**Student:** 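For reference, the structure I am asking about is given below.
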Protein chains: 2
Amino acid sequence: MLRLSKLTDYAVVVMARLALDGAGPAGHVQTAPGLASATGIAEPTVAKVLKMLGSAGLVEGVRGARGGYRLTRPLPSVPLSQVIVAVDGPIALTACVDGGVGSCEAEGICAVRGRWDPVNDAIRKALSGITVADLAGPAHCPAVRATASLAPMLAE
Amino acid sequence: MLRLSKLTDYAVVVMARLALDGAGPAGHVQTAPGLASATGIAEPTVAKVLKMLGSAGLVEGVRGARGGYRLTRPLPSVPLSQVIVAVDGPIALTACVDGGVGSCEAEGICAVRGRWDPVNDAIRKALSGITVADLAGPAHCPAVRATASLAPMLAE
DNA sequence: TTCAAAGGGGACTTGATTGGTCCTATTTGG
DNA sequence: CCAAATAGGACCAATCAAGTCCCCTTTGAA
């Protein structure tokens with residue numbers, strides 16, 4: 001199966017929750033513990049995801065007491081591919097990341113490989129066309145649906 | 001990183017090698033040990049891949065002495081998605097395969113998830129548009145390039 | 001000025017997944 | 001009747017990721 005890390009899933013959920021308080025300097029910050037209890041994800045895990053999203057510039061962390069996180073951009077303008085790259089690293093199906101022609105140390109083994117570049121490109125393209133808002137819409141699972149007024153906000 | 005199993009990679013290489021002897025009832029069969037030495041992949045692994053491809057109907061096995069494998073269809077008519085499904089199972093990014101609304105046993109945990117269906121669809125679509133022939137073209141790695149007259153055949 | 005709350009950045013452990021091998025039928029040509 | 005080859009699992013080991021925990025820095029408030 002084509003696998004995507006769970007952390008990416010968490011990232012989308014956390015970002016959806018962050019969207020409730022707006023994006024940019026005007027938005028209110030939410031703490032990691034607060035997001036954890038709101039989403040049901042364990043607190044250390046939420047913190048980890050937020051750090052990764054912060055490094056990628058998708059969320060902004062405010063340090064110190066009364067600190068927290070907020071989105072830097074509204075969800076509809078965040079392509080899913082950026083979240084995946086932030087959490088999972090470069091989007092590529094094989095270890096041989098495309099472009100690195102001389103990067104095959106063990107050439108005898110590398111001899112085996114096909115050329116996956118067109119596939120990587122196709123997938124990247126597909127993921128760029130989807131925004132986080134597309135995923136964060138009204139969920140079919142009970143508890144997320146219970147977080148209520150999420151959908152209208154994401155429609156923005 | 002978005003990961004695809006190595007076996008899928010092997011499958012593409014093996015199918016490319018099989019294409020040298022044609023497809024369908026008219027094609028000559030190649031043995032698993034022969035394919036192994038031709039591709040540089042370990043023999044048991046080649047056998048495993050061929051079994052999987054056989055179950056999926058992508059290759060055809062001929063049993064008994066003088067047996068072997070051959071393609072059932074020419075590579076340009078085999079979408080990559082079929083190979084991935086054959087080797088890796090259903091294409092879905094998360095454990096919650098789409099469609100199964102009631103399949104979330106642990107609802108408290110499932111509450112966490114977003115809706116990945118649009119993503120799965122997009123990826124499936126992207127992979128369906130690429131054929132195995134697109135991947136099996138002239139490789140940039142030495143040993144594969146050494147397998148010579150592969151490219152013209154795949155251009156068919 | 002001191003304390004507590006919160007983010008920042010890793011390091012580490014455990015568990016699941018996968019890659020790879022092997023063993024045993026079954027088939028079939030010589 | 002034997003040898004060669006596929007068919008189909010069962011099994012072991014190594015890799016990778018999820019999750020947790022640690023210590024440090026920052027900063028508002030008492």
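In what follows, every chain begins at residue 1, and chains take the letters A, B, ... in the order their sequences are listed. None of the values given here were measured: they were computed from a predicted structure.
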**Student:** Expressed in angstrom and rounded to an integer, what is the separation of B:Ile41 atom CD1 from C:dG19 atom C1'?
**Tutor:** 13 Å
**Student:** Taking the side chain of A:Lys6 as heavy atoms from C-beta outward, which of D:dT6, D:dG19, C:dG7 is closest to it?
**Tutor:** D:dG19
**Student:** Got a list of side-chain donor-acceptor pairs under 3.5 Å for residues 47-55 of chain A, not counting sequence neighbours?
**Tutor:**
{"unit_1": "A:Ser55", "atom_1": "OG", "unit_2": "A:Lys51", "atom_2": "O", "d": "3.0"}

**Student:** In this structure, how many angstroms lie between the P atom of C:dT18 and the CG atom of B:Asp88, rounded?
**Tutor:** 7 Å
**Student:** Look at B:Ser5 and C:dG19 and indicate whether a side-chain polar atom (N or O) is within less than 4.0 Å of OP1 or OP2.
**Tutor:** yes
**Student:** Can you tell which of B:Leu58, B:Thr131, B:Thr72 makes a side-chain contact (heavy atoms from CB on, under 4.5 Å) with B:Val78?
**Tutor:** B:Leu58
**Student:** If every non-hydrogen atom of B:Ser5 is compared with every non-hydrogen atom of B:Asp88, which pair is closest and at what distance?
**Tutor:** OG-OD1, 2.6 Å
**Student:** A:Tyr10 has a side chain; which of D:dA18, C:dG20, D:dG19 sits nearest to it?
**Tutor:** D:dG19
**Student:** Taking the side chain of B:Thr45 as heavy atoms from C-beta outward, which of C:dT21, C:dG7, D:dA18 is closest to it?
**Tutor:** C:dT21
**Student:** More 5' along DNA chain D: A:Lys48 or B:Glu43, using each one's nearest nucleotide?
**Tutor:** B:Glu43
**Student:** Under 4.0 angstrom, heavy atoms only, what part of the nucleic acid is B:Ala42 near: base, sugar-phosphate, or nothing?
**Tutor:** sugar-phosphate
**Student:** Considering only heavy atoms, which members of residues 50-73 of chain B lie under 4.0 Å from some atom of DNA chain D?
**Tutor:** B:Lys51, B:Gly61, B:Val62, B:Arg63, B:Gly64, B:Ala65, B:Gly67, B:Gly68, B:Tyr69
**Student:** Please name all residues satisfying side chain to side chain contact (heavy atoms under 4.5 Å, CB included) with B:Gln30, sequence neighbours left out, ordered by chain then number.
**Tutor:** B:Arg17, B:Leu18, B:Asp21, B:Leu35
**Student:** What is the nucleic acid contact for A:Ala47, judged by heavy atoms within less than 4.0 Å: base, sugar-phosphate only, or nothing?
**Tutor:** nothing
**Student:** Write down the atom of B:Gly129, the atom of B:Asp134, and the distance for their closest heavy-atom approach.
**Tutor:** O-OD2, 4.3 Å
**Student:** In whole angstrom, give the distance that lies between atom CG of B:Asp9 and atom P of C:dG20.
**Tutor:** 10 Å
**Student:** Provide the closest heavy-atom pair for A:Pro118 versus B:Leu135 in the form atom of the first, atom of the second, distance.
**Tutor:** CG-CD2, 4.0 Å
